[in-house]
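Below, read A as the first sequence line, B as the second, and so on, with proteins coming before strands; counting in each chain starts at 1. Everything numeric in this text was worked out from a predicted model, so none of it was measured.
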Number of protein chains: 2
Amino acid sequence: MPNRKPPTMADIARVTGVSPMTVSRAFKGENLISPDTRNAILEAAESLGYVFDATASSLRSQKTDFVAVTIPSVNNANFADTVGGLSDTVAAHGMQILLGYTNYDVVEEERLIEQLLRRKPQAIVVTGGKHTPRARRLLENAHIPIIETWDAPGEPIGHYVGFSNANAVREMVDHLVGVGYRKIAFIGGDASRDTRGSDRRLGFIEALTNHGLDANRLISAGVPPISMREGAEAMARLLKDFPDTEAVICVSDLSAFGALTECQRRQISVPSDIAIGGFGDYEIGDICVPRLTTINVGARQIGVETGRLLLSILDGNSDASNVTIVPRLIVRETTR
Amino acid sequence: MPNRKPPTMADIARVTGVSPMTVSRAFKGENLISPDTRNAILEAAESLGYVFDATASSLRSQKTDFVAVTIPSVNNANFADTVGGLSDTVAAHGMQILLGYTNYDVVEEERLIEQLLRRKPQAIVVTGGKHTPRARRLLENAHIPIIETWDAPGEPIGHYVGFSNANAVREMVDHLVGVGYRKIAFIGGDASRDTRGSDRRLGFIEALTNHGLDANRLISAGVPPISMREGAEAMARLLKDFPDTEAVICVSDLSAFGALTECQRRQISVPSDIAIGGFGDYEIGDICVPRLTTINVGARQIGVETGRLLLSILDGNSDASNVTIVPRLIVRETTR
DNA sequence: CTGAAAGCGCTAACAA
DNA sequence: TTGTTAGCGCTTTCAG
């Protein structure tokens, strides 16, 4: 019958005839104790089925090697790419991501941040720059590096790795106007929840206004995140309410693809009858027929840069600087 | 100037004039101490900016409330749905997901499992039923509930919530043969890495053989996961190597959609010239034109059931039983 | 290169 | 309802 309790360093110490401290050193690194002792310890550990207890280590050393991360949704290729880039970058330094989903809701985000901070992460990465006052306070009081991503926040709490969603859309509007489109619409979600979506709509309105064009062709597709289906439904409404629309910008490639399918169902030709622009450069936009004009915001890059920034700060580089991502307009086949 | 060190329960105890134990009880629940004392403690905590230390709590109580989870890829809507369902289910009981990505590699999975076990999770959920011998041993020795998902493993380590990938594809083959298709192909990834993908290919071969049909139209689309683009490339190869193919089953909806776009680019009509079947019932398959015939495996349901099973086991229900998911064939427009 | 002592912040166990 | 004592398993610190 196997022992009820899992072995500890003390058990290994006893078996090997050394002190627990030596066992600890054996696990910590290569050159802290003699190679022979170390080998004996590691062998004993393996044969006892020892598993290092990160909880005890964390408590004593006050280092968890956790990085807390909040994203709006699990199921979004853009945020998944960011988390992937971040995870790969920090995992190389032995750090673990602690992930939570806000469901595009700042109240849920506050609850989540509180939960995550109890785990004593070494740093926290949040998506977006809008938080409840209490969430802001919690973050400020945590005394760990804080990185806001996917936004260039007006008042950053700590650092940020982001870009201006408004400017990105503005660039697309400028391009569309430049090639001759005048009656341009926007499909996005309800304004209140998704701040990045709102910023994109704002950029759209400002850009059209700057060109002296009407910015009243705004279709709300429901509560974020906007699905492909909601994009299709919004396109149906757009075609009904503003049948003379020449081009439409969608809040994401997913809704843009949905809008494209609606056109296909109605034998409306894209881009000759109507042009479509997306946002986010998802895989689908590069393969669908016709291929989607979109904006690449370097989702994975955001994660990688966030990881680098964070490691640099934790490394004592206190004047590590923010990263501003420059989104790239990618003109493909859904616009002329 | 603010205090350097964050406040502890001892600090709250001092301020409130009670013992640390009473403070601990105040955070634990409603009815352990008098309401007045509790309120005073919670107020003091808030004004001191206290944050509960889950690390210390975990060490002392030997309960981390972590659930470790390994999935092949961050960026896959099916696995994201599973994690979402699991996360929602266990979060209601105060548990936190600890997520890791194997990149479809059992060696990476082994490394990951070792890392995750150091955090002393209460349970571990792995995707798939194939592991390295050492990974198996680590899991068995962990003495926590183990749940294998997305597969009905031949030799389960602990519990499982899964289905037979082979049977699911078999069902689709039976349907296709039933409606008259005879020359049927399969597009999938390299056999070695993705065991679920291999099982699907196996099911394909067995089913065709059972019907007395040739099962030699096998196109390998590269290293898993197979992207939309790789699906398109595989379709191009299929059309070249086996131009008289009547129907093709793809290892996932993503590759199926890619295959569909390749047909669209070549003015090949689906399903009249060639039929396409997918796997996984991703959102895209329900909105693309024409809509994709596919198999729904209840990705989110797998997560929810896994969460329930796990909570039931942790609740002391030692004879909690495995869950076998029944995949549903969804016939839409890409097959006749 | 190795060891002894102490303690990280919390809570189990027992006592009042 | 509240308090006291001890200790979870590791590592910091200091000493050899």
Side-chain angles (χ1 to χ4, degrees), chain A residues 3-42 44-45 48-66 94 117-122 142-143, chain B residues 3-42 44-45 48-66 94 117-122 142-143:
Chain A
N3 269 328
R4 215 68 233 112
K5 281 186 38 169
T8 69
M9 284 191 182
D11 296 319
I12 299 176
R14 210 168 302 121
V15 169
T16 329
V18 297
S19 76
M21 197 52 234
T22 301
V23 177
S24 174
R25 289 190 180 106
F27 283 102
K28 184 119 179 226
E30 296 267 293
N31 301 317
L32 301 170
I33 62 174
S34 88
D36 286 355
T37 316
R38 187 172 134 93
N39 286 337
I41 289 171
L42 295 183
L48 287 176
Y50 173 74
V51 177
F52 184 89
D53 189 332
T55 301
S57 172
S58 294
L59 175 59
R60 176 64 249 226
S61 64
Q62 299 291 74
K63 266 187 73 221
T64 56
D65 285 346
F66 278 134
L117 288 178
R118 299 171 124 215
R119 302 287 183 178
K120 305 293 175 184
Q122 306 293 130
H143 299 294
Chain B
N3 269 327
R4 215 69 231 111
K5 280 187 38 169
T8 68
M9 284 191 182
D11 296 318
I12 299 175
R14 210 168 303 121
V15 169
T16 329
V18 297
S19 76
M21 197 56 231
T22 301
V23 177
S24 174
R25 289 189 180 109
F27 284 102
K28 182 118 179 222
E30 295 267 291
N31 301 317
L32 301 169
I33 62 174
S34 87
D36 286 356
T37 316
R38 187 173 136 90
N39 286 338
I41 288 170
L42 295 184
L48 287 176
Y50 173 74
V51 177
F52 183 90
D53 188 332
T55 301
S57 172
S58 294
L59 176 59
R60 176 63 246 226
S61 63
Q62 298 290 72
K63 267 187 71 219
T64 56
D65 284 346
F66 278 134
L117 288 178
R118 299 170 127 220
R119 302 287 183 179
K120 305 293 174 182
Q122 307 294 134
H143 299 294

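- At the heavy-atom level, A:Thr37 lies under 4.0 Å from the strands shown only through sugar-phosphate atoms.
- Backbone-only engagement by B:Tyr50 is indicated by non-hydrogen atom pairs under 4.0 Å involving sugar-phosphate atoms exclusively.
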Which atom pairs link the protein and nucleotides 3-7 of chain C when you take only N or O atoms and keep those under 3.5 Å?
{"unit_1": "C:dG3", "atom_1": "OP2", "unit_2": "A:Ser19", "atom_2": "N", "d": "3.0"}
{"unit_1": "C:dG3", "atom_1": "OP2", "unit_2": "A:Ser19", "atom_2": "OG", "d": "3.1"}
{"unit_1": "C:dG3", "atom_1": "OP2", "unit_2": "A:Thr22", "atom_2": "OG1", "d": "2.5"}
{"unit_1": "C:dG3", "atom_1": "N7", "unit_2": "A:Arg25", "atom_2": "NH1", "d": "3.1"}
{"unit_1": "C:dG3", "atom_1": "O6", "unit_2": "A:Arg25", "atom_2": "NH2", "d": "2.5"}
{"unit_1": "C:dG7", "atom_1": "N3", "unit_2": "A:Arg60", "atom_2": "NH1", "d": "3.4"}

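- Considering only heavy atoms from C-beta on, A:Thr64 stays 4.5 Å or farther from A:Arg119 through its side chain.
- Listed for the A:Arg38 side chain is a donor-acceptor partner under 3.5 Å among the backbone atoms of A:Gly29.
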> How far apart are the C-alpha atoms of A:Leu42 and A:Phe27, what are their side-chain angles, what is the distance that settles it, and do they pass the side chain to side chain contact (heavy atoms under 4.5 Å, CB included) test?
Replying inline: CA-CA 8 Å; A:Leu42 295 183; A:Phe27 283 102; 3.9 Å; yes
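- Between B:Ile41 and B:Ile33 the shortest side-chain heavy-atom distance falls below 4.5 Å.
- Between B:Ser34 and D:dT1 there is no side-chain polar atom (N or O) within less than 4.0 angstrom of OP1 or OP2.
- For A:Phe52, the listed nucleotide lying nearest its side chain is D:dT11; candidates were D:dT11, C:dC10, D:dG9.
- The residue B:Leu59 sits close to a base: some heavy atom pair falls under 4.0 Å.
- A donor atom on one side chain and an acceptor atom on the other are found under 3.5 Å apart for B:Thr22 and B:Ser19.
- Between B:Lys63 and B:Asp65, at least one side-chain N (NZ, or NE/NH1/NH2) sits under 4.0 Å from a carboxylate O, which counts as a salt bridge.
- Phosphate proximity of D:dC8 to B:Ser58: absent, as no side-chain N or O sits under 4.0 Å from OP1 or OP2.
- Not one side-chain nitrogen or oxygen of A:Lys63 sits closer than 4.0 Å to the OP1 or OP2 atom of D:dC10.
- For the pair A:Ile12 CD1 and D:dC10 P, the computed distance is 8 Å after rounding to whole Å.
- The shortest distance between the side-chain N/O atoms of A:Gln62 and the OP1/OP2 oxygens of D:dT11 is not below 4.0 Å.
- Mapping B:Asn31 and A:Met9 onto DNA chain D by nearest heavy atom places B:Asn31 closer to the 5' end of the strand.
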